[in-house]
Amino acid sequence: MGAAAGDEIPKISGPANGALALAGHTTLTAISQLTKKDLLDLHGVGPKAIRILREALAERGLTFADEQK
């Protein structure tokens, strides 16, 4: 089943998008349940990916799990 419109993970880089897909994180909603450390622990995900994901999450009113109030 694909992501709902607007819930797609943006294009970051081949390694980052591949690592997210391989780990089963295929939507921004799923990403919002993870901490930055969870993501950085994935090979291929670095600071640039975190920045891009944070911006995409913010556009949808979401944050990383460790940034939720």
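Residue numbers run from 1 in the order of the sequence given.
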CD1-CD1 distance between I52 and I9, expressed to the nearest 0.5 angstrom:
12.0 Å

Pairs under 3.5 angstrom only: tabulate donor-acceptor contacts from the side chains of residues 34-42 to other protein residues two or more places apart or in another chain.
from: T35; atom 1: OG1; to: K37; atom 2: N; distance (Å): 3.4
from: T35; atom 1: OG1; to: D38; atom 2: N; distance (Å): 3.0
from: T35; atom 1: OG1; to: D38; atom 2: OD1; distance (Å): 3.3
from: T35; atom 1: OG1; to: D38; atom 2: OD2; distance (Å): 3.1
from: K36; atom 1: NZ; to: D66; atom 2: OD2; distance (Å): 3.1
from: K36; atom 1: NZ; to: E67; atom 2: OE2; distance (Å): 3.3
from: K37; atom 1: NZ; to: D41; atom 2: OD1; distance (Å): 3.4
from: K37; atom 1: NZ; to: D41; atom 2: OD2; distance (Å): 2.9
from: D38; atom 1: OD2; to: T35; atom 2: N; distance (Å): 2.9

Which atom pairs, one a donor and one an acceptor, fall under 3.5 Å between side chains of residues 15-23 and the rest of the protein, sequence neighbours left out?
from: N17; atom 1: OD1; to: I12; atom 2: N; distance (Å): 2.7
from: N17; atom 1: OD1; to: S13; atom 2: N; distance (Å): 3.1
from: N17; atom 1: ND2; to: P10; atom 2: O; distance (Å): 3.0

Sequence neighbours left out, what passes salt bridge (Lys or Arg N to Asp or Glu O under 4.0 Å) with R60? Give chain and number order.
none

Taking all non-hydrogen atoms of both residues, which atom of Q68 and which atom of S32 are closest, and how far apart?
NE2-O, 3.1 Å

To the nearest 0.5 Å, atom CG of L28 lies from atom CD of E8 at 8.0 Å

For a 4.5 angstrom cut-off between non-hydrogen side-chain atoms, does L57 reach T63?
no

